[in-house]
Amino acid sequence: MNFKDIFKRFVGHNVGIDLGTSTTLIYVKGQGIVLNEPTVVAIEVSSNKTIAVGEEAKKMLGRTPEAIRAIRPMKDGVIADFEVTEELLRYFIHQIQVKGLFTRPMVVVAVPSGITAVERRAVRDSVDHAGASDVWLVAEPVAAAIGVGLPIESPAGSMIVDIGGGTTEIAVIALSDIVCNKSVRTAGDEMDSVITEHLKKKYNLLVGEITSEMIKIKVGSAIALKTEQSMEVKGRDLISGLPKTIKVNSKEIREALKEPITTIVTAIRSALEFTPPELASDIIDYGITLNGGGALLRGISDLIAKETGLKVECAESPVECVVKGTGKILDQFSRYSKMLLHGA
Ligand SMILES: Nc1ncnc2c1ncn2[C@@H]1O[C@H](COP(=O)(O)OP(=O)(O)OP(=O)(O)O)[C@@H](O)[C@H]1O
Ligand SMILES: [Mg+2]
């Protein structure tokens with residue numbers, strides 16, 4: 001570490017970023033979480049100019065005339081559109097700078113544990129080009145575990161499951177490192193797609209991804225509800241081409257969600273099978289911690305508990321755990337620096 005780095009740490013111009021498939025969160029040292037916005041950018045096709053970012057751009061998803069394109073630049077937890085991601089980061093970093101901050105910040109970014117060296121480089125370059133001075137990467141499950149406050153430095157194993165938009169990440173962490181992990185590209189987005197498919201098949205109804213997500217959040221569940229619910233859904237009839245309203249109930253949505261949820265549960269079981277026996281016994285004692293927006297699906301912790309026979313707890317504010325973890329890393333950099341990803 002050279003003098004410049006040490007100096008930067010004292011000045012404290014530090015930022016933590018959770019660049020998620022669905023949501024981007026930013027933490028600024030000394031200020032806490034300053035930004036929580038959808039990872040969406042709207043672009044004017046003719047000029048290639050960005051016209052909206054975040055919440056405003058998300059409202060445009062599936063509603064844009066031909067002249068505008070609303071893009072989700074992250075797919076399955078990794079950068080699918082490099083330029084647009086950079087644009088999004090530049091916009092967000094600029095936005096927080098306007099709120100009375102510094103010049104070029106030092107940044108810790110959380111990335112999926114399974115990403116390749118090339119994908120890592122893409123994240124690093126994007127953040128770099130967006131205006132960071134130094135960029136550090138940390139595996140998402142490690143950041144989440146730090147954010148939740150799990151005892152990851154102890155020899156006892158902690159299991160954390162992050163159900164995000166693009167990926168579900170499962171990791172067992174002990175002695176400050178990931179002992180075993182599994183990542184599947186099935187999470188919240190896939191739940192939305194199976195709902196879209198269900199409506200197409202059963203009702204010949206075409207809906208956009210925002211509508212499917214809303215159905216999931218409003219009436220979606222992983223286990224039977226005490227009182228089953230229903231809601232009206234508007235879309236376009238595939239046969240007549242006209243707008244149509246139908247009614248869906250929580251039972252059929254649960255049925256549709258079965259496939260992605262089974263994939264997630266199977267991945268958790270398989271991670272448990274690969275966990276060294278001593279750590280497996282810790283997990284019996286301490287259970288599994290769920291985080292990520294997908295952990296908010298009704299009944300998912302109960303279902304995972306039933307399927308694994310283990311205690312399962314959902315973290316408080318599950319969408320914020322990862323960015324909170326990056327914040328703790330910045331706050332106690334020397335304690336956590338050994339947990340950062342090196343290379344690439
Ligand atoms: N109440 C809810 N019920 C079910 N799902 C929810 C709820 N609230 C949010 N979600 C889902 O959580 C997902 C987003 O979670 P999160 O913000 O943790 O993902 P991300 O970090 O952006 O994605 P990734 O980590 O995969 O890159 C979305 O699919 C969203 O629909
Ligand atoms: Mg995430």
Side-chain angles (χ1 to χ4, degrees), residues 16-27 33 35-40 54-55 58 61 72-80 85 88 92 109-115 119 123 137-148 160-171 181-196 208-223 225 229 231 250 253-254 256-257 260-261 263-264 267 289-301 303 314-326:
I17 302 181
D18 174 7
L19 179 60
T21 310
S22 310
T23 325
T24 298
L25 292 100
I26 300 186
Y27 172 100
I33 299 170
L35 187 135
N36 176 346
E37 298 250 5
T39 312
V40 186
E55 202 60 64
K58 185 174 179 180
L61 272 178
R72 290 182 61 187
M74 302 286 293
K75 194 163 170 26
D76 299 335
V78 295
I79 296 179
T85 303
L88 172 117
F92 285 154
V109 195
V111 293
S113 57
I115 78 171
E119 290 166 339
V123 174
L137 304 184
V138 60
E140 237 179 310
V142 172
I146 294 173
V148 171
I160 183 127
V161 176
D162 180 329
I163 309 173
T167 54
T168 296
E169 299 240 8
I170 303 142
N181 73 307
K182 187 154 179 76
S183 170
V184 285
R185 297 191 166 187
T186 300
D189 288 348
E190 183 63 21
M191 296 184 199
D192 301 346
S193 332
V194 294
I195 293 175
T196 308
E209 58 187 290
I210 300 282
T211 302
S212 296
E213 182 185 29
M214 199 173 68
I215 298 170
K216 172 184 72 180
I217 292 174
K218 273 200 166 162
V219 302
S221 61
I223 56 167
L225 301 173
Q229 293 163 3
M231 69 180 279
S250 45
I253 297 304
R254 186 162 57 249
L257 290 174
I261 290 175
T263 306
I264 293 169
T289 308
L290 290 189
N291 75 292
L296 291 168
L297 183 76
R298 252 161 301 176
I300 191 135
S301 6
L303 181 81
C314 180
E316 205 180 301
S317 318
V319 176
E320 294 176 353
C321 301
V322 171
V323 83
K324 275 188 188 152
T326 63

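Indexing begins at 1, ligand by ligand and atom by atom, following the structure's order.
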What's the shortest distance from atom 23 (O) of ligand 1 to any protein heavy atom, and which residue and atom give it? Gly165 N, 2.9 Å
Polar contact flag, side-chain donor to acceptor under 3.5 angstrom, Ser250-Ser221: no
Around atom 17 (O) of ligand 1, find the nearest protein heavy atom and jot down its residue, atom name and distance. Thr23 OG1, 2.7 Å
Asp162-ligand 1 polar pair, N/O distance under 3.5 Å: no
Below the 3.5 angstrom mark, is there an N/O of Glu140, backbone or side chain, next to an N/O of ligand 1? yes
Per-atom contacts of ligand 1 with Gly292, taking only distances under 4.0 Å to non-hydrogen atoms: 18 (O)
What protein heavy atom lies closest to atom 28 (C) of ligand 1? Include the residue and the distance to one decimal. Ser22 OG, 3.7 Å
Is the distance from the Mg ion (ligand 2) to the nearest N/O/S atom of Glu140 under 2.8 Å? yes
Checking contacts here: is it the side chain or the backbone of Lys216 that comes within 4.0 Å of ligand 1, counting heavy atoms only? Could be both or neither. side chain
Whether Thr326 side chain and Val323 backbone form a donor-acceptor pair below 3.5 Å: yes
Can you tell me if Gly294 has a non-hydrogen atom under 4.0 Å from ligand 1? yes
Minimum-distance pair of heavy atoms, taken over all atoms of Glu140 and Ala110: CG-CB, 4.1 Å
Taking only non-hydrogen atoms of Val319 and a 4.0 Å limit, the atoms of ligand 1 in range are 17 (O)
Is Leu290 close to Pro318 at the side-chain level, that is, under 4.5 Å between some pair of heavy atoms? no
Check whether any side-chain heavy atom of Leu225 lies under 4.5 Å from a side-chain heavy atom of Arg254, and answer yes or no. yes
Under 4.0 Å from one or more heavy atoms of Gly166, ligand 1 contributes atoms 23 (O), 24 (P), 26 (O)
Closest protein heavy atom to atom 9 (C) of ligand 1, given as residue, atom name and distance to 0.1 Å: Gly293 O, 3.8 Å
Closest approach of any protein heavy atom to atom 21 (O) of ligand 1, naming residue and atom: Gly20 CA, 3.7 Å
Residue and atom name of the nearest protein heavy atom (relative to atom 2 (C) of ligand 1), distance in Å to one decimal: Leu296 CB, 3.5 Å
Under 3.5 Å, side chain of Glu169 to main-chain N/O of Ser113, donor-acceptor pair present? yes
Looking only at distances, can you tell me whether any N or O atom of Asp192, backbone or side chain, sits closer than 3.5 Å to an N or O atom of ligand 1? no
Nitrogen or oxygen of Gly164 less than 3.5 angstrom from that of ligand 1: no
Note: heavy atom closest to atom 4 (C) of ligand 1, options Ile163, Leu257, Leu297, belongs to Leu297
Is it true that Lys324 and Glu316 make a salt bridge, defined as a side-chain N closer than 4.0 Å to a carboxylate O? no
How many angstroms lie between atom CD1 of Ile215 and atom CD of Glu213, to the nearest 0.5 angstrom? 11.0 Å
Are Pro38 and Arg72 packed together at the side-chain level, in the sense that at least one heavy-atom pair is separated by less than 4.5 angstrom? no
For the atom pair CD1 (Ile160) and CG (Asn291), what is the distance rounded to the nearest 0.5 Å? 4.5 Å
Show me which atoms of ligand 1 lie under 4.0 Å from any heavy atom of Thr167. 26 (O)
Look at atom NZ of Lys216 and say whether more than 12 heavy atoms of other residues, nucleotides or ligands are closer to it than 6.0 Å. yes
I need the atoms of ligand 1 closer than 4.0 Å to a non-hydrogen atom of Glu213, numbered in the order shown. 28 (C), 30 (C), 31 (O)
Under the 3.5 angstrom rule, does the side chain of Thr24 hit a backbone N or O of Thr39 as a donor-acceptor pair? no
